[in-house]
Amino acid sequence: MGCSSCATGKDGQPKGCKNNGTCGTDGCNKLSVFDWLSNMELPQGMEPFNISEVRFKNGRKQFFKNTENLSLSIGDVVATEAAPGHDVGVISLVGELVRVQMKKKKVRQDSPEVLKIYRKATQRDIDIWQEARDREEKMKVRAREIAIRLNLQMKISDIEFQGDASKATFYYTAEERVDFRQLIKEFAREFNTRIEMRQIGFRQEASRLGGIGSCGRELCCSTWLTDFRSVNTSAARYQQLSLNPQKLAGQCGKLKCCLNYELDTYLDALKDFPKTEVKLYTKKGTAVCQKIDIFKGFLWYAYEGDWSNWHTLTVDQANTIIKANQKKEPVNSLEEFAVELQLEEKPDYHNVVGQDSLTRFDSKGSGKKKKKNKRKKRKPQKNE
């Protein structure tokens, strides 16, 4: 993602606004939203929705009331109500889509969580906000050093200053409960500001920090995914994936959220498949399922005691044998139903010009030159 003011420099960092993807133009922000109702006018007599969505650091969003009837648009920097003081954020969505988002997130319009928008941020507000943002990285390094010195089993992943620089929120992850009373005292003495500790999960930590997944794309949780549904290993089993924790785990150390994306499609396809634990009884012997191919609709069975020979059956053939077993009808063998798979013919490439040779650029003919030199050195013999 990138905007016109965030063109990438030589070192990979934005050379425009230099906010690393969180600039105010809303072109390269995390969890940015496209307002597809922006070109549509409201019906006559209908007032615009007076609640706006404001984005803060790393995709944190909240809803605020526009009680002053300000003319707001996406990308405007505003000063919002906070406890205490005020915060500074960027308008990420206005209009009727905010009503849809509030309904989706189950936030009522009269909820006490919906605070007010004071004003559009002045240049002084923005300067104070930027100075506080510049202090966050150094504070994070120092805070980690203090936590290590106190032997606390926690990881401080991110720091977020309030817009007026009166409070700093420390986001941390920990597997067990942490007693950070002494830590807060040292933080307040070291940084000379109000401190708030907020524990987040490992998935929330990955969404805040961002990164690149094994697919080569940005993490879904930091770009568009907002709800974290539970992921079980059964999702990998249904999709016939190997239960390798290194491949199934994401940047957060938990199972990848994308395992749930195609799970419903696999479950619909598996409705026609017989259960793999059901055995097929024939006169030749009992067959056990070894493997299935959901896309092609094939199952592979092997007789007990002859595990090396697999027999391929379609879904209908396997269901036919199972129904015959339930009715106690005799089935001679799997060979009567087995399907011979036709191997796909791979294109045969011929090395016509020698482009596959590793030594095609080596100098040739050195041996011939040596032979010629030897012939020149030989003296001609006289005929007696």
Side-chain angles (χ1 to χ4, degrees), residues 1 12 20-22 28-32 58-61 104-105 140 144 152-158 171-178 198-279 288-302 307-308 310 312-315 318 341 344:
M1 298 185 298
N20 299 335
T22 56
C28 61
N29 295 327
K30 296 181 179 179
L31 303 178
S32 59
N58 286 335
R60 182 174 66 89
K61 295 182 179 181
K104 178 182 177 181
K105 297 181 179 181
K140 183 171 65 175
R144 288 177 176 176
L152 297 178
Q153 301 298 321
M154 60 182 295
K155 176 187 175 183
I156 299 174
S157 59
D158 194 17
Y171 294 92
Y172 72 95
T173 57
E175 295 182 357
E176 299 179 356
R177 188 169 181 175
V178 180
R198 184 172 299 179
Q199 185 175 4
I200 58 177
F202 293 99
R203 294 182 186 274
Q204 286 78 11
E205 179 187 18
S207 66
R208 291 186 65 85
L209 301 181
I212 303 298
S214 59
C215 58
R217 299 172 63 92
E218 293 184 62
L219 298 181
C220 298
C221 55
S222 64
T223 51
W224 62 272
L225 189 63
T226 56
D227 55 337
F228 300 99
R229 299 180 181 179
S230 60
V231 185
N232 300 323
T233 54
S234 59
R237 292 193 184 96
Y238 286 130
Q239 300 177 54
Q240 307 299 313
L241 299 175
S242 61
L243 300 180
N244 187 350
Q246 294 181 351
K247 293 185 177 181
L248 296 180
Q251 298 282 1
C252 57
K254 305 295 182 180
L255 292 176
K256 295 179 181 178
C257 297
C258 55
L259 291 175
N260 283 339
Y261 294 170
E262 298 178 352
L263 181 59
D264 295 337
T265 305
Y266 277 88
L267 292 176
D268 291 339
L270 286 172
K271 288 181 180 179
D272 299 329
F273 278 74
K275 295 183 178 180
T276 56
E277 60 268 15
V278 177
K279 298 181 180 180
V288 181
C289 183
Q290 302 294 319
K291 175 186 173 183
I292 66 174
D293 191 333
I294 301 176
F295 298 106
K296 295 182 180 180
F298 292 131
L299 299 94
W300 284 265
Y301 286 87
W307 304 108
S308 59
W310 290 10
T312 308
L313 301 178
T314 62
V315 176
L341 296 180
E344 296 180 359

Item to check | Derivation and outcome, side chain to side chain contact (heavy atoms under 4.5 Å, CB included), residues Thr173 and Gln199 | outcome: CA-CA 6 Å; Thr173 57; Gln199 185 175 4; 6.0 Å; no
Item to check | Spacing of NZ belonging to Lys291 relative to OG1 belonging to Thr276, to within rounding of 0.5 Å | outcome: 14.5 Å
Item to check | Residues Val288, Trp307; criterion side chain to side chain contact (heavy atoms under 4.5 Å, CB included); working and verdict | outcome: CA-CA 9 Å; Val288 181; Trp307 304 108; 4.1 Å; yes
Item to check | Least distance between heavy atoms, Val231 atom then Cys257 atom | outcome: CG2-CA, 4.1 Å
Checklist entry - Which heavy atom of Leu243 sits nearest a heavy atom of Ala236, and at what distance? => result CD2-CB, 3.9 Å
Checklist entry - Which atom names give the shortest non-hydrogen contact between Pro274 and Leu299, and what distance separates them? => result CG-CD2, 3.8 Å
Next on the checklist: Tell me if the NZ atom of Lys105 is crowded by more than 12 foreign heavy atoms within 6.0 Å.
Outcome noted: yes
Next on the checklist: Would Phe202 and Phe228 count as a side chain to side chain contact (heavy atoms under 4.5 Å, CB included) here? Give the steps.
Outcome noted: CA-CA 11 Å; Phe202 293 99; Phe228 300 99; over 6 Å; no
Checklist entry - In Å and rounded to the nearest 0.5 Å, what is the OG to CZ distance from Ser222 to Arg208? => result 12.0 Å
Next on the checklist: Hydrogens and angles aside, do Arg237 and Thr233 bring a side-chain donor and acceptor to less than 3.5 Å of each other?
Outcome noted: yes
Next on the checklist: For Leu259 versus Gln239, what's the shortest heavy-atom pair and its separation?
Outcome noted: O-NE2, 2.7 Å
Item to check | Glu175 atom CD, over 12 foreign heavy atoms within 6.0 Å | outcome: no
Item to check | For Gln290 against Ala302, the heavy-atom pair lying closest together | outcome: CG-CB, 3.9 Å
Checklist outcome for this item: For Ala269 and Ile294, the nearest pair of non-hydrogen atoms, with its separation, is CB-CG2, 3.7 Å
Item to check | Pairwise distance CD1(Ile292) to CG(Leu313) - rounded to 0.5 angstrom | outcome: 13.0 Å
Item to check | Donor-acceptor contact present, side-chain Arg144 to main-chain Ile156, <3.5 Å | outcome: yes
Checklist entry - When rounded to the nearest 0.5 angstrom, what distance separates CD1 in Ile200 from OG in Ser207? => result 7.0 Å
Checklist outcome for this item: To the nearest 0.5 Å, atom CD of Gln204 lies from atom SG of Cys252 at 9.0 Å
Next on the checklist: How about NZ on Lys254, more than 12 heavy atoms from neighbouring residues, nucleotides or ligands closer than 6.0 Å, or not?
Outcome noted: no
Checklist entry - Where does the angle between the aromatic ring planes of Tyr266 and Phe295 fall among parallel (under 30°), tilted (30 to 60°) and perpendicular (over 60°)? => result perpendicular
Next on the checklist: Strictly by salt bridge (Lys or Arg N to Asp or Glu O under 4.0 Å), give each pair with a member in residues 226-235 just once, sequence neighbours left out.
Outcome noted: Asp227-Arg229
Item to check | Cation-pi geometry met for Arg198 and Tyr172 (6.0 Å, 45°) | outcome: no
Checklist entry - Is the number of heavy atoms from other residues, nucleotides or ligands within 6.0 Å of CD (Glu262) greater than 12? => result no
Next on the checklist: Can you tell me if Tyr238 has over 12 outside heavy atoms packed within less than 6.0 Å of its OH?
Outcome noted: no
Item to check | Trace of the side chain to side chain contact (heavy atoms under 4.5 Å, CB included) decision for Trp300 with Asp293 | outcome: CA-CA 9 Å; Trp300 284 265; Asp293 191 333; 3.7 Å; yes
Item to check | Glu205 side chain vs Ser157 backbone, donor-acceptor pair below 3.5 Å | outcome: no
Next on the checklist: Less than 3.5 Å apart, any donor N or O on the side chain of Lys256 or Ser214 sitting next to an acceptor on the other?
Outcome noted: yes
Next on the checklist: Test of understanding: with side-chain contact (heavy atoms from CB on, under 4.5 Å), list the residues that count as partners of Asp272, not counting sequence neighbours.
Outcome noted: Val315
